[in-house]
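Worksheet: one structure, shown below.
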There are 2 protein chains.
Amino acid sequence: MSADHLETLSHIAVRKAYKRGEMIFHEGDKGNGIYIVETGRIKVFKLSMDGKEQILHIYGPGHTFGEVPVFQGKNFPASSMALEPAGIIFLPRDRFVKLLTTTPALGMNMLADLSRRLRDFTVQIEALSLKEVPARLAAYLLTLSREQDNEARVSLPISKAQLSNLIGTTPETISRVFKKMGDAGLIEVQTRTIEIQDKEGLEELSESGRL
Amino acid sequence: MSADHLETLSHIAVRKAYKRGEMIFHEGDKGNGIYIVETGRIKVFKLSMDGKEQILHIYGPGHTFGEVPVFQGKNFPASSMALEPAGIIFLPRDRFVKLLTTTPALGMNMLADLSRRLRDFTVQIEALSLKEVPARLAAYLLTLSREQDNEARVSLPISKAQLSNLIGTTPETISRVFKKMGDAGLIEVQTRTIEIQDKEGLEELSESGRL
DNA sequence: ATAAAACCTTGATTTGAATCAAGACACCAC
DNA sequence: GTGGTGTCTTGATTCAAATCAAGGTTTTAT
């Protein structure tokens with residue numbers, strides 16, 4: 001959803017402020033509209049029976065989420081929580097659908113958005129199934145660097161505990177792999193910040209090399 | 001895409017017959033239209049550097065695939081191959097887009113279809129990240145049973161080698177887990193067929209129980 | 001029908017990462 | 001600053017599943 005659409009629909013939507021750690025919706029809930037991040041960041045995630053978590057998305061300002069039940073008529077396939085204080089706009093289903101039918105371009109935007117998510121998921125499935133933790137972590141650092149203006153110094157936007165839930169491992173393993181990467185001269189780890197010292201090496205590692 | 005749309009557009013589309021094992025498109029190719037399965041079955045999959053495969057979808061008659069690049073304007077995020085002799089309709093991008101703009105209901109169908117795939121992917125990511133192989137295999141058998149009229153006798157639609165690529169493991173592990181499930185009295189394995197003997201037990205196992 | 005090619009099973013071994021268990025460090029409020 | 005809480009690291013151990021290896025079976029093509 002683009003910024004101008006956001007402007008247009010703001011008067012028929014509901015704003016709500018969420019505290020850090022507050023749930024926005026739960027897996028299995030009925031979805032009665034879509035959500036738009038105004039400020040802050042949120043995660044969409046699944047929990048296993050024994051409490052392990054897998055993060056599916058992390059979204060910031062401008063992103064929409066929670067559409068799947070609107071289009072598909074079932075419940076939320078995952079849960080959502082604010083990672084920090086966040087302002088979220090909720091747009092009720094019927095208003096969103098009306099908007100969609102009266103604004104053809106919005107439908108195309110939505111198709112493109114869902115397609116991007118499908119692409120992201122294929123990357124995530126590939127990572128979980130075909131790559132080992134060092135390769136996944138290297139790929140994540142490179143993605144971060146790309147998002148942050150290709151700087152060598154990259155700041156971690158989430159805690160390492162959250163990071164382990166995002167790439168599908170444990171905090172202990174993250175710690176050990178960062179250390180090995182440091183020993184190999186690929187990165188230098190600071191608190192909340194990583195200095196990329198060998199981008200080529202990281203790229204090779206991310207494409208299934210060994211550490 | 002529903003059957004009646006299929007009928008409508010058949011005269012502006014191209015049919016092609018694929019042999020078992022023949023590639024339909026490769027990851028990274030430019031996507032210039034959408035594909036519709038008329039007969040047979042196809043898989044959409046990713047390959048790792050060292051040749052391991054992860055299947056993302058298996059589609060049969062009536063399913064469309066290959067839309068992501070059409071809506072998103074990039075390349076195919078995965079590859080596609082015929083699992084058996086298959087008849088596939090190719091609908092060029094511009095014709096599909098025109099159809100989409102002149103048929104609002106088609107757009108909604110497409111949004112629902114992509115949403116269903118997103119939901120399927122969340123299930124797959126959850127399985128790969130949070131469940132062990134026995135749980136994934138149990139879940140797959142239950143899904144098959146549901147698809148096949150809830151019969152206790154379920155026929156495997158793909159080889160065990162392909163099955164291992166679908167649930168993210170190896171043929172050896174599939175073999176061993178089937179055997180353990182048999183020993184536990186959950187199933188009885190025949191050639192190309194599984195007899196479900198303890199549905200409750202399988203359900204419990206699929207929800208993260210131990211074998 | 002027969003040969004060839006896939007595919008499947010079983011056993012022995014290795015391996016990557018999880019788990020368990022302490023400590024160390026960083027960040028916050030007061 | 002100081003105490004406390006939550007987060008991170010490091011080491012020892014366990015575990016699920018991959019890999020390697022070899023024999024057996026089914027399927028496919030000719």
Enumerate the residue pairs fulfilling salt bridge (Lys or Arg N to Asp or Glu O under 4.0 Å) with a member in residues 126-151 of chain B, sequence neighbours excluded, ordered by first and then second residue.
A:K46-B:E126, B:E132-B:R210
List in numerical order all residues of residues 152-174 of chain B for which some heavy atom is under 4.0 Å away from an atom belonging to DNA chain D.
B:G168, B:T169, B:T170, B:E172, B:T173
Roughly how bent is the helix from C:dT9-D:dA22 to C:dC30-D:dG1 end to end, in steps of 10 degrees, with each end axis from five pairs?
50°
Range on DNA chain C touched by chain A, heavy atoms, distance below 4.0 Å:
C:dG16 to C:dC27
Taking atom types as modelled and ignoring hydrogens, do the side chains of B:S115 and A:Q72 form a donor-acceptor contact shorter than 3.5 angstrom?
no
Between B:K179 and B:R20, whichever has its closest DNA chain C nucleotide further toward 5' is B:R20
Regarding A:R20 and A:E84, does a basic nitrogen lie under 4.0 Å from an acidic carboxylate oxygen?
no
Please say which of A:L118, A:N109, A:L111, A:D113 ends up in a side chain to side chain contact (heavy atoms under 4.5 Å, CB included) with B:F71.
A:L111
Between A:E27 and A:L47, is there a side-chain heavy-atom distance shorter than 4.5 Å?
no
If you look only at pairs with a residue in residues 169-186 of chain A, which of them pass as a salt bridge (Lys or Arg N to Asp or Glu O under 4.0 Å), with sequence neighbours excluded?
none
Rounded distance in Å - CD (B:Q190) to P (D:dT26):
13 Å
Do B:F25 and B:F90 touch side chain to side chain, with heavy atoms closer than 4.5 Å?
no
Mind checking A:R192 for me? I need base, sugar-phosphate or nothing, with any heavy atom below 4.0 Å counting as a touch.
nothing
Under the salt bridge (Lys or Arg N to Asp or Glu O under 4.0 Å) rule, collect the residues that match up with A:D120, sequence neighbours excluded.
A:R116
